[in-house]
Amino acid sequence: MTSLPNESRQSPGNEVWVFIEQRNSKAADVGFELLSKGHKLARAMGGPLKSIVIGSGMTELANETFQYGADESIVVDHEALKYYRTIPYGRILTELVRQHSPRIVLFGATTVGRDLAPRVASATKSGMTADCTDLQISDITYLRRDYKRILLQIRPAFGGNIIATIITPDNPIQMATVREGVMEMHKIDGHVHGKITRVPYQRDELDDLVTIIEQHREESKVNLKGASIIVSGGYGLGTKENFRLIHELAHVIGGEVAGSRAAVDAGFVPPERQVGQTGVTVRPKLYIAVGISGAIQHRAGMQESNKIIAINTDPDAPIFSISHYGIVGDAMEVIPRLVEAYKFKLK
Amino acid sequence: MYKSVVLVKQVPDTANITGNVMQEDGTVNRAKLPAILNHEDRVAMEIALRVRDQYGGTVTAITMGPPRASDILRECLYMGADHACLVTDRKFAGADTLATSYVLSEAIKKIGDYDFIFAGRQAIDGDTAQVGPQTAEKLHVPQITYLEEIVSVSGKSVVAKRKIEGGYEVVRCSLPVLVTVIKDAAEPRPFKAKRVMAFKGARSLLEIEKLVDGNPLLSVEALVHEYESRSLLIETLTMDDLHLDPARCGVHGSPTKVYKVESVVLSSGDHEHIEPTRAGISRLVDKLFEDHILG
């Protein structure tokens, strides 16, 4: 019903776009991370990579996107756009997408990206997949038909019991969000140039349906992404009281405290310290997972750590399958011994 | 007086997956999972009820789902909803967020005027957080996502606090508006025994039809009339009731497709076993120092 024979379909575009989120005129890291990934996707698609920059005083930021692989930056620059607001940003992006029909549009899975992307996807009837942990371009056969250069959007689903690959085969436009830190950022060496295309801002009376009265933002003091040692606790610790052991171990060995989603949901650890698909993705030198069973969503956020130690009472916990060292035992006994052994070693 | 619509979803309790739910081929047997009211939608119900309690008005809970989704609508009635509406049709099956938001937005239009549409930020089975904004777009209303608190409502506008990275922002927005709420926005109220007694008999049209099925002494029409007069009728809307475009519903209206599903089967990896004894742990720490991982 929706699928027409291959020949008669309008051939889809080949452009890859990345929405660059800015806060106080500074780009959020996730935009550059997505450009680095988008660069590879655009090569595979045989099309250009474009950064979409909306804000106020954006020239410098637009130039910065070329260092991460953008061939062109589409810039909508106006004072009225200094702060992100759903309606003007959504309207502008919807118009751009309709005009240029990009094949792929990527957004950071932030409070901005997750507010904006579905709105634009709805207006342009695009496919939309949230929180992808990997993106690939591939030729595929789906329902006995061959498709060239399809975007595979890979994400854990259903409580982490499955990994789903989502495609948008018969729709010209697909959008996806990716969490900050999931893709690696690569700056291109040397002098890079790109083209800036300016699109004028035209005010619409609906733009001001929402006005920002106050905005309060603190630079996060938590820097999990940059930490070289992370001690992470899970629901298996049982109580917030027991979770104090995680803090103690982290303090002694100079690491950051983190937790699984279950630990965050149980209130053991604040959300900004959540590691996993819906939290932060980390690649530290050492990751110690305590009382974490190791659901796929959690592993997605830490499996590229250099060394992983798992401590769990359940010898069959999936976390052991990706760890380098496994300790089957009670955290309440194991952690004090770790602390003791470390202190002894330092003497 | 403010009219609120609350979008709720019945979800499999993915947090409590036990042995018999995982099948031998490693896939999930959805039918064996308990079906629950998505927690953040329950929080959305609570926020809607608080607006009603403070400023007056009505609260209508809507869900799109299979017939058994009436269970969560009854829960909304127990919490305090004034009306409940089940949007159901076999042709809605397999809908992604785009198709779902189309059906929901048409159902909301059918129900009539509203000042607020509340919904949970996301549902635990997909975690997409897309249906809220997509429904808002289709209704051409503004949206406030990640709501932490309704600060005040006056006339045709609301002041609300929403969560952003590293902080919050306070926005003023004209009504009507679609609002998605986060878990911490409110603690949902428990059911009142009186309301449970009053509404446990609430039934959707499909449930009434099932009751009548094969019993010549009962008539659907008469029963519907009776349930309605006792405020126990869960309004039921199908594709025909909503005059929907079939090409935009269910599988046909969903641009995204599941290409491949891999169950997560883990082999026990070749990690090194460390004894949980003092000696075992000391040796591990020694090794980490040697490898310059620690120290």
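We name chains A, B, ... by the order of the sequence lines, and we start the count at 1 in each one.
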Identify whether the distance between the nearest side-chain nitrogen and carboxylate oxygen of A:R91 and A:D207 falls below 4.0 Å. yes
Can you say whether A:E272 sits under 4.5 Å from chain B via the side chain, the backbone, both, or neither, judging by heavy atoms? neither
Heavy-atom distances under 4.5 Å only: say whether A:D131 touches chain B with side chain, backbone, both or neither. side chain
Given heavy-atom pairs under 4.5 angstrom as the criterion, report whether the side chain, backbone, both or neither of A:E333 touches chain B. neither
I'd like to know if B:K183 pairs up with B:E40 as an ion pair, taking the criterion as any Lys NZ or Arg NE/NH1/NH2 lying under 4.0 Å from an Asp or Glu carboxylate oxygen. no
Can you tell me if A:F344 has over 12 outside heavy atoms packed within less than 6.0 Å of its CZ? no
Is B:Y168 in contact with chain A via its backbone, its side chain, both, or neither, using a 4.5 Å heavy-atom distance? both
Checked A:D115, A:I327, A:I212 vs chain B; the most non-hydrogen pairs under 4.5 Å come from A:D115
Need one label for B:L294: side chain, backbone, both or neither, based on atoms under 4.5 Å from any heavy atom in chain A. side chain
Please flag which part of B:V141 lies under 4.5 Å from any non-hydrogen atom of chain A: side chain, backbone, both or neither. backbone
With a 4.5 angstrom heavy-atom cut-off, which part of B:D291 approaches chain A: side chain, backbone, both or neither? side chain
Cut-off 4.5 Å, heavy atoms of chain B, and the answer for A:S126 is backbone
Atom CD of residue position A:E214 - does it have more than 12 heavy atoms of other residues, nucleotides or ligands inside 6.0 Å? yes
Structural part of A:K307 lying under 4.5 Å from a heavy atom of chain B: side chain
Heavy-atom proximity to chain A below 4.5 Å, by part of B:D127: both
So, is the end of the B:K163 side chain (NZ or CZ) under 6.0 Å from the ring centre of B:Y146 and within 45° of the ring's axis? no
Answer key: most heavy-atom pairs under 4.5 Å with chain B among A:A310, A:S122, A:A130 is A:S122
Looking at A:P336, A:G326, A:A341, which one has more heavy-atom pairs under 4.5 Å with chain B than the rest? A:G326
Structural part of B:L284 lying under 4.5 Å from a heavy atom of chain A: side chain
State whether the number of non-hydrogen atoms from other residues, nucleotides or ligands found under 6.0 Å of B:K156 atom NZ is greater than 12. yes
To the closest 0.5 Å, what do you measure between CD (A:Q136) and CD1 (A:I150)? 13.5 Å
Does A:R23 have more than 12 heavy atoms from other residues, nucleotides or ligands lying within 6.0 Å of its CZ? yes
Among A:Q215, A:Q153, A:R85, which has the most heavy-atom pairs under 4.5 Å with chain B? A:Q215
Out of A:D265, A:V334, A:L209, which one racks up the most heavy-atom pairs below 4.5 Å with chain B? A:L209
Region of A:E340 in contact with chain B, defined by heavy-atom distances below 4.5 Å: side chain
Look at A:G254, A:G127, A:G329 and state which one has the largest set of heavy-atom pairs under 4.5 Å with chain B. A:G127
Side chain from CB out, backbone as N, CA, C, O: work out which of these in B:K287 comes under 4.5 Å of a heavy atom of chain A, or both, or neither. side chain
Here the gap from B:L139 atom CG to B:L178 atom CG, rounded to the nearest 0.5 Å, amounts to 7.5 Å
Using side-chain hydrogen bond (donor to acceptor under 3.5 Å, both in side chains), reason through A:R119 and B:Q143 one step at a time and then give a plain yes or no. CA-CA 9 Å; A:R119 186 119 185 160; B:Q143 68 198 36; 2.9 Å; yes
Does the B:E165 side chain pair with the main chain of A:T111, one donor and one acceptor, at a distance under 3.5 Å? yes
Bottom line for A:I309: the part with an atom under 4.5 Å from chain B's heavy atoms is side chain
